[in-house]
Each structure stands twice: as structure tokens, then as C-alpha cells.
Amino acid sequence: MLKTIILCGGKGTRLRPLTESVPKTLVNLNGKPCLHHIIESYIRRGYRRFILCIGYRGDMIVDFIQKQPFDIGVEFSNAGEEASILERIYQAKSLMGERAFIAYGDTLIDVNLGKMLSEHLASRTSVTLTTAAVKSPFGLVTVDEDKWILSFEEKPIQPCYVGHMLMERDVLDEVEQDLLRRPDGDGLVLLFQRLASQKRIKVYPYVGPQITFNTQQELDHAERDLVTFFT
């Protein structure tokens, strides 16, 4: 059975002071940590093998998992508190098998994992990103080097990455140290851009509820949204 990598090693600085005492993925949503909700959503779909990429206050995540009654297999990968997103994924590659789902530890979505896997395998792509249609609140322009506007589009609807993917392990074998040393998400973005230029990355369009949070205000919204998430 495919494993799921959950990225839960970041410091969550924008959510302070809550994250001064707990890692972001253990912040409660309606009485349960976000990590608990994520794991439950995979269990419901028959996926029970997890790799948790820990870092900041990782001991609290290990302790939390050990106290839960989940019937699951869990392995831990710790690239350190200062590791980038790509570095955390790279550190876990020896545990992941041929491919793995990768989920952000502060994001909850209701994606059809079986269908996503089938489309990924059929297309023989290296990475499939889960995307959702998001309407921009702005009018977007493109300009040339002399500042002449080439196009103007009022509040376009665009596909946006929602913090979930399916990745082949051999992609990580190609990653050089320079990408791993890039700050936080920069290395992952550069990897995506490289794969796009090689036509090795596709999207899985997702239509459904999304819950994610970076600030106290977003957490308050997430608490309300969770009530209707599974209805």
C-alpha cells in the first residue's frame, strides 16, 4: 500500500503565540489537532502507512502519535528545524517506496486518492499536483519591457496548488544539493519549474472543501469550516 508523507516540521511563525508551545500541525481544530484530522481522512480511504517529516518540536509529534489508538504504521524522518520543504521530502526518500502521496500538515482536503493515483500511473508523470480553481481578487496584467500592457484580465479563475501531491521517488534522485539548500519552499518551486519544462508534471483538478491556516484569523475560519467539511 502506498505511503503518505506528511510535512509537519515547520515553525509556523505566523501563527505565534500558539506555535511557541506546540508545532503547527498539533494546533487544535474543533478539539483535535490538524494532524489527527489528516490521518483520519487517509484511514477512511484505506491508506494506513505514514511518514511524518518532523523538525520543530518533533518530540511532541512523536509523543502524540504514540498515544493515539490509530491502527496505522508510522515512520519518522527528521531533517532538522531549519530544513526546507524539499529537504524534508528528500530526507524521507529512503522510506517512501516507488512513489508516495505528500500532504502538508496544515491542510485538509477531501481528494479522491484512488482516482488521483490511477491518473498519475496512466500518464506516467513524475509528479501530480492537486490543484483547485481559485478566483483572483485582482485584475491581472502582463507588460512588456517598455511598460506597455499586453493583456488585462479581470479577476481570472486560475488553478492553484493546494498543498498536496503524488511524487515518484526517482525525482528525488535527480535533486542536487543547491536546490536542497534553497530557503524553505524555493527549492521545491524550482524543481516544479524544471519538471514543467520537461513535461513531467501534471495536475489533478480538485473540486471540494479545503481547510488550511497560517494566521489566527485563518485558524478561526478553519474552525468554522470544519463543522461542514464532511457534510
Side-chain angles (χ1 to χ4, degrees), residues 4-7 10 12-15 24 29 34 37-38 41 84-86 88-89 99-168 171 175 179 182-222 224-226 228-230:
T4 300
I5 295 172
I6 303 179
L7 301 173
T13 54
R14 284 182 287 174
L15 201 57
K24 187 178 181 183
L29 289 174
C34 186
H37 292 294
I38 293 171
S41 72
S84 67
I85 295 174
L86 181 57
R88 295 189 193 284
I89 298 171
R99 61 190 61 86
F101 288 113
I102 300 174
Y104 286 28
D106 60 359
T107 301
L108 188 60
I109 57 176
D110 195 27
V111 66
N112 187 328
L113 300 174
K115 186 177 180 184
M116 182 176 178
L117 174 60
S118 295
E119 292 190 10
H120 175 88
L121 294 175
S123 67
R124 298 185 179 181
T125 186
S126 295
V127 176
T128 298
L129 298 184
T130 304
T131 61
V134 175
K135 185 175 183 178
S136 171
F138 308 107
L140 300 185
V141 300
T142 59
V143 298
D144 66 15
E145 59 186 14
D146 294 318
K147 302 180 183 178
W148 292 104
I149 290 180
L150 300 176
S151 68
F152 181 94
E153 194 171 2
E154 175 64 7
K155 299 179 180 179
I157 296 175
Q158 300 173 309
C160 294
Y161 173 51
V162 292
H164 181 266
M165 72 182 99
L166 181 53
M167 177 181 285
E168 297 291 310
V171 169
V175 172
L179 282 187
R182 297 277 181 148
D184 200 24
D186 290 359
L188 187 62
V189 170
L190 289 171
L191 176 61
F192 288 165
Q193 291 173 345
R194 177 194 299 172
L195 294 173
S197 70
Q198 299 169 346
K199 298 202 74 171
R200 296 172 57 198
I201 185 169
K202 298 193 74 172
V203 301
Y204 180 78
Y206 167 68
V207 179
Q210 308 172 49
I211 292 177
T212 190
F213 56 93
N214 288 299
T215 64
Q216 181 63 58
Q217 184 179 22
E218 290 174 350
L219 178 61
D220 293 340
H221 283 300
R224 293 194 297 269
D225 292 344
L226 191 68
T228 56
F229 184 84
F230 296 111

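These values consider heavy atoms only, across backbone and side chains, with no hydrogens, waters or symmetry-generated copies. If you read the sequence from its start, that first residue is 1, and numbering goes on from there.
- In this structure, F138 places its CZ atom where only 12 or fewer heavy-atom neighbours from other residues, nucleotides or ligands lie under 6.0 Å away.
- A distance of 10.0 Å separates CD of E119 from CG of L117, quoted to the nearest 0.5 Å.
- E168 CD to R200 CZ: the interatomic distance, rounded to the nearest 0.5 Å, is 9.5 Å.
- For the side chain to side chain contact (heavy atoms under 4.5 Å, CB included) with M165, the lone residue among V203, L188, T128 that qualifies is L188.
- We find the OG1-OH distance between T125 and Y204 to be 15.0 Å, quoted to the nearest 0.5 Å.
- With values rounded to the nearest 0.5 angstrom, L7 atom CG is found 6.5 Å from I85 atom CD1.
- Closest non-hydrogen pair, G139 versus E154, comes out as CA-OE1, 3.6 Å.
- Looking at heavy atoms from C-beta onward, L190 lies in side-chain contact with R182 at the 4.5 angstrom threshold.
- Under the 4.5 Å side-chain criterion, counting only non-hydrogen atoms from C-beta, Y104 is not in contact with V162.
- For Y206 against D110, the heavy-atom pair with the smallest separation is OH-N, 2.9 Å.
- Of all non-hydrogen atoms in G105 and C34, the two that sit nearest each other are O-SG, 3.5 Å.
- Side-chain atoms of T4 never come within 3.5 Å of backbone atoms of F101 as a donor-acceptor pair (strictly under, hydrogens ignored).
- Distance alone, capped at 3.5 Å, is enough to place a donor-acceptor pair between the D144 side chain and the D146 backbone.
- Here the shortest heavy-atom pairing between A133 and I157 reads CB-CG2, 3.8 Å.
- Put simply, the side chain of R99 reaches to within 4.5 Å of the side chain of L121, judged on heavy atoms.
- When side chains are defined from C-beta on, H164 counts as touching M116, because their heavy atoms get closer than 4.5 Å.
- For T107 against I38, the heavy-atom pair with the smallest separation is O-CD1, 3.6 Å.
- Taking CD1 from I6 and CD1 from I102, the interatomic distance works out to 11.5 Å, rounded to the nearest 0.5 Å.
- Separation of atoms CG (L191) and CG (L86) is listed at 6.0 Å; rounding is to 0.5 Å.
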